[in-house]
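One-based numbering, in listed order, for ligands and for the atoms of each.
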Amino acid sequence: GQSLGVHLLDISWYTESMRAGHPVVITDRHKLQLNTYVMELHFLDEDGRGVAFRRAAAVLKALPAQVTSMSQLRGLPCLGEHSLRVIKDVLENGESSEVESTKQSERFKALKILTGIFGVGAKTADRWIREGIYNLQQLRDSGHALNQAQKAGLEHYNDLNQPVTKAEANAIGEIVQKAVISVLPGSQIALTGGFRRGKLTGHDVDFLITHPEEGREVGLMSKVVSWLESQGFLLYQKTTRNSYLESKDGPARPASNMDRFERCFSIFKLTKGEEQGTTQPEKNGVQTMDNRLWRAVRVDLVVSPISQFAFAVLGWTGSKLFERELRRWAGHEKDMSLSSHAVFDNKQNRYLRATSEEEIFAYLGLEYIPPSERNA
Ligand code: CTP
Ligand code: MN
Ligand code: MN
Ligand code: MN
């Protein structure tokens, strides 16, 4: 593949597991600190600088050596004036006063709490904060009418803010596998999202479902959801139908970044396995017993026709920042429109077919980037 020049995709990404195997990286306290700082500033995003900070953090995360002086950062992409100011502060004073005061602010703390509710985004949280709602109790007392997602989010708040482990993701995978096989033999599932990138924990578990015969996947989602519901596996679900076929404007250029697959955003009721037991870790010095034999886990299901499967896998493996950068690269450098459905070559005025991620990277003129290096 060709060289990317000064571009975010130039950096090879380190997964958390790779970090663990590289003491030189994990002992780099400054760098870890810098990541946290820069990443958390996006909560104050008011003018689009959130993405800028995330890009900057991704570059820092990928550096092979400890940052001890500003001169090491010369020539690196995505480090803007504001990010550099924060980094300089950390290098000189051990911390950034701007970030520290941000993190101490009531507004920042409230944003973290409220956006931690499934179904609540930054816009809703911001509106509530302006009304004086800073925590869950104030939200409950406010009498605000919550939608179904937010109600479920509030009800399962603690569970959903507890990281999902790889073992739990595997257990969910077995349930989803059983569901699809039961309703349509021959169907296939693929683990996508952060777990496919090798992350050890996640905020949810993402699956892509398909069938090797084109067209057989039509109507599959509602059958899978009915099966899961009948077995008592779902605490909440919202299914959105496929709008891909209905679009007139061409599938590779949707109005938003959202794809049009049939999808289901759900909350699973996962029975706790033997290895987890029912004894919770010490909380405030007190050993608490959790009598529940289950926990709530966020699960995303997406159904794709086999003809679009490679694009869907690429699009749903993430990270979100990696996807954004990949699409930007396709548009700016190759005059192509990449989506989770297809890639459209504007110069040839046609769609390019692909049955594997490798082919898609080749179309984009890039060397194959494995999932473990997409943790931007
Ligand atoms: N995605 C998407 N459309 C959505 C939601 C997610 O295309 N409405 C894609 C994202 O672009 C990403 C992938 O689904 O590529 C996974 O998203 P998500 O589960 O939010 O993040 P993860 O990378 O899996 O991280 P985490 O471990 O926190 O879940
Ligand atoms: Mn700025
Ligand atoms: Mn995920
Ligand atoms: Mn997800």
Side-chain angles (χ1 to χ4, degrees), residues 9 13-17 35 39-40 42 50-51 54 57-58 61 112 115-122 149 152-153 159-170 172-173 176 189-209 221 236-244 251-252 254-268 270 296-304 308-330 337-342 357 360 369-376:
L9 291 178
W13 312 107
Y14 287 80
T15 62
E16 295 304 315
S17 50
N35 287 335
M39 289 303 261
E40 286 190 346
H42 80 265
V51 172
R54 257 171 259 179
K61 196 160 80 173
K112 276 211 123 165
T115 56
I117 305 170
F118 170 60
V120 178
D159 275 1
L160 299 186
N161 280 285
Q162 187 93 40
V164 183
T165 65
K166 182 77 180 122
E168 288 168 333
N170 290 341
I172 302 268
V176 174
I189 68 166
L191 181 68
T192 58
F195 285 111
R196 180 161 184 257
R197 302 196 307 273
K199 279 180 65 183
L200 301 177
T201 60
H203 97 283
D204 71 355
V205 196
D206 307 281
F207 294 99
L208 191 57
I209 305 169
M221 185 69 89
Y236 165 89
Q237 66 87 13
K238 187 174 197 292
T239 305
T240 312
R241 67 201 173 102
N242 184 335
S243 58
Y244 182 78
S256 74
N257 268 336
M258 287 287 278
D259 64 65
R260 294 145 188 248
F261 291 120
E262 195 175 13
R263 75 182 74 215
C264 177
F265 295 141
S266 75
I267 301 176
F268 266 53
L270 180 65
V297 179
R298 275 270 299 112
V299 177
D300 287 339
L301 305 174
V302 180
V303 169
S304 153
Q308 297 166 26
F309 189 68
F311 295 98
V313 168
L314 179 59
W316 278 82
T317 294
S319 68
K320 285 192 178 102
L321 184 57
F322 179 83
E323 300 294 336
R324 190 185 279 123
E325 294 303 313
L326 197 61
R327 284 165 202 206
R328 208 159 64 111
W329 167 263
S337 309
L338 174 69
S339 76
S340 292
H341 296 280
E357 287 183 317
I360 302 169
I369 301 172
S372 63
E373 290 179 18
R374 300 180 203 165
N375 285 293

By atom name, which N, O or S atom belonging to D206 lies closest to the Mn ion (ligand 3)?
OD2
Atom of L160, atom of G153 and distance for their closest heavy-atom approach
CD1-CA, 4.4 Å
Counting only nitrogen or oxygen atoms and a 3.5 angstrom limit, does G315 reach ligand 1?
yes
Test your reading of the structure: does G194 have an N or O sitting under 3.5 Å from an N or O of ligand 1?
yes
Ligand 1 N/O within reach of K320 N/O, cut-off under 3.5 Å:
yes
Element-labelled atoms of ligand 1 that are located less than 4.0 Å from some non-hydrogen atom of G202
27 (O)
Please lay out, stage by stage, how E373 and F322 fare under the test side-chain contact (heavy atoms from CB on, under 4.5 Å).
CA-CA 9 Å; E373 290 179 18; F322 179 83; over 6 Å; no
Atom name of the N, O or S atom of D300 nearest to the Mn ion (ligand 4) is OD2
Nearest heavy-atom pair of R196 and T317: which atoms, and what distance?
NH1-OG1, 2.8 Å
For D300 against F265, the heavy-atom pair lying closest together
OD1-CD2, 2.9 Å
Which ligand 1 atoms does G318 reach within 4.0 Å, using its non-hydrogen atoms?
12 (C), 15 (O)
Nearest to the Mn ion (ligand 3), which N, O or S atom of D204 do we find?
OD1
Quick check on side-chain contact (heavy atoms from CB on, under 4.5 Å): which of I172, D159, T165 does V297 satisfy it with?
I172
Should you measure from each heavy atom of D204, which atoms of ligand 1 turn up under 4.0 Å away?
19 (O), 29 (O)
Aromatic plane relationship, F118 with Y236 - under 30° parallel, 30 to 60° tilted, over 60° perpendicular:
perpendicular
Judged on heavy-atom distance to atom 5 (C) of ligand 1, which of F195, F322, W316 sits nearest?
W316
Show me which atoms of ligand 1 lie under 4.0 Å from any heavy atom of D206.
19 (O), 24 (O)
Closest approach of V299 and F207, non-hydrogen atoms and distance?
CG1-CD1, 4.1 Å
Considering only heavy atoms of K199, which atoms of ligand 1 have at least one such atom less than 4.0 Å away?
25 (O), 26 (P), 27 (O), 28 (O)
Judged on heavy-atom distance to atom 29 (O) of ligand 1, which of R263, H203, R196 sits nearest?
H203
May I ask whether S340 places a heavy atom under 4.0 Å from ligand 1?
no
Tightest non-hydrogen contact, residues N161 and G116, listed as ND2-O, 3.1 Å
Steps toward side-chain contact (heavy atoms from CB on, under 4.5 Å) verdict (F261, Q308)
CA-CA 10 Å; F261 291 120; Q308 297 166 26; 3.1 Å; yes
Mind listing the closest non-hydrogen atom pair of L314 and E323 along with its distance?
O-OE2, 2.5 Å
Counting from 1, what ligand 1 atoms have a heavy atom of E323 closer than 4.0 Å?
15 (O)
